[in-house]
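Please read the structure below before turning to the comments.
Here, residue 1 is the first one in the sequence, and each next residue gets the next number. FYI, side chains are in, hydrogens and waters are out, and symmetry mates aren't considered; it's all heavy atoms of this structure.
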Amino acid sequence: MNPEKVVYAFTIILALTLNFGFFLGDMHEAGDHDVYHLYAAIFVNAVATILKFGDRSHMGAVMLASSLVAVIELVSASTVWAYAVYISEIGLTPSVVATIVSLSGGAVLANLVSVVLLVVDTVLLRR
């Protein structure tokens, strides 16, 4: 067993599960979506993105692209959150929360692409 591959796969799967955990809940209810959960998802997705820079294959390029999409979506969600709470003082209205959760949902899909590609890459390696 290769410890680097274990850490790599663990980080990719953790990024998906953290993001999915933030995404779950009522789309318009701010109490269902914790800001620290969002920040944890951003951090782990950033680590997963950094780990993907070492792969020079075509599959690695697609995985890196999907990871970059997830990071951009999650950073956008946190930017919307920070703008609504600290800059414009609108607060977390249902429409703001819906925007944040929608951006997180896009990141969930990008993370799902990464996990599917990881599984495909693993299956192809066995042959």
Side-chain angles (χ1 to χ4, degrees):
M1 183 181 315
N2 186 346
E4 290 176 8
K5 295 285 185 183
V6 172
V7 170
Y8 182 70
F10 170 80
T11 308
I12 292 171
I13 295 168
L14 182 62
L16 172 63
T17 57
L18 280 172
N19 193 8
F20 186 71
F22 176 78
F23 178 74
L24 278 181
D26 184 10
M27 185 171 226
H28 301 288
E29 182 61 42
D32 289 349
H33 310 283
D34 183 40
V35 69
Y36 297 111
H37 208 147
L38 176 61
Y39 290 137
I42 292 170
F43 176 75
V44 173
N45 271 281
V47 170
T49 302
I50 291 167
L51 291 175
K52 291 175 185 175
F53 273 109
D55 193 354
R56 299 284 183 215
S57 67
H58 179 71
M59 185 82 74
V62 176
M63 288 179 72
L64 177 61
S66 68
S67 190
L68 288 171
V69 167
V71 169
I72 289 170
E73 294 266 2
L74 290 172
V75 168
S76 298
S78 70
T79 302
V80 169
W81 192 313
Y83 180 80
V85 172
Y86 300 111
I87 296 172
S88 72
E89 297 178 8
I90 295 171
L92 291 177
T93 63
S95 65
V96 170
V97 174
T99 301
I100 293 166
V101 172
S102 294
L103 287 166
S104 171
V108 167
L109 288 176
N111 286 145
L112 192 59
V113 168
S114 285
V115 169
V116 167
L117 290 175
L118 176 69
V119 170
V120 167
D121 194 36
T122 303
V123 168
L124 292 176
L125 250 176
R126 297 275 181 204
R127 292 182 182 186

State whether the side chain of S88 and the backbone N or O of Y83 hold a donor-acceptor pair below 3.5 Å, judged by distance alone.
yes
Are F20 and F10 grouped together when hydrophobic residues (ILVMFWY) are joined by side-chain heavy atoms under 4.5 angstrom apart?
yes
OH on Y8 to CD1 on I13, rounded to 0.5 Å:
11.0 Å
Treat each ILVMFWY residue as a node, draw an edge where side-chain heavy atoms are under 4.5 Å apart, and state whether L16 and L68 are in one component.
no
Can you tell me how far the CG atom of D34 sits from the OH atom of Y39, to the nearest 0.5 Å?
10.5 Å
Hits for ring pair (Phe, Tyr, Trp, His ring centres under 6.0 Å) against F23, two or more places apart or cross-chain, chain-then-number order -> none
Calculate, to the nearest 0.5 Å, the distance between atoms CD1 and CD1 belonging to I42 and I72 respectively.
12.5 Å
Nearest 0.5 angstrom please: S67 OG to L51 CG, how far?
9.0 Å
Contact check, side chains of I100 and L92, non-hydrogen atoms, under 4.5 Å:
yes
Straight-line distance of F22 CZ to L24 CG, nearest 0.5 Å:
11.0 Å
With rounding to the nearest 0.5 Å, note down the distance linking CE in M63 to OG1 in T49.
10.5 Å
Only distances under 3.5 Å count here; give the side-chain donor-acceptor pairs of residues 102-120 to other protein atoms, sequence neighbours excluded, each with its distance to 0.1 Å.
{"from": "S102", "atom 1": "OG", "to": "A98", "atom 2": "O", "distance (Å)": "2.8"}
{"from": "S104", "atom 1": "OG", "to": "N19", "atom 2": "OD1", "distance (Å)": "2.9"}
{"from": "N111", "atom 1": "OD1", "to": "N19", "atom 2": "ND2", "distance (Å)": "3.1"}
{"from": "N111", "atom 1": "ND2", "to": "N45", "atom 2": "OD1", "distance (Å)": "2.8"}
{"from": "S114", "atom 1": "OG", "to": "K52", "atom 2": "NZ", "distance (Å)": "2.9"}
{"from": "S114", "atom 1": "OG", "to": "S66", "atom 2": "OG", "distance (Å)": "2.6"}

Under 4.5 Å between side-chain heavy atoms, counting indirect links through other Ile/Leu/Val/Met/Phe/Trp/Tyr residues: same cluster for L38 and Y86 or not?
yes
Given the rule that I, L, V, M, F, W and Y join up when any side-chain heavy atoms are under 4.5 Å apart, are Y36 and W81 in one cluster?
yes
Taking a hydrophobic cluster as the set of Ile, Leu, Val, Met, Phe, Trp and Tyr residues connected by side-chain heavy atoms closer than 4.5 Å, whether directly or through intermediates, do V69 and F43 fall within one such cluster?
no
Looking at side-chain heavy atoms only, is the closest gap between V44 and T11 below 4.5 Å?
yes
Is there a donor-acceptor pair under 3.5 Å between the side chain of H28 and the backbone N or O of V97?
no
If you apply the rule side chain to side chain contact (heavy atoms under 4.5 Å, CB included), what do you find for V47 with L14, and how did you get there?
CA-CA 10 Å; V47 170; L14 182 62; over 6 Å; no
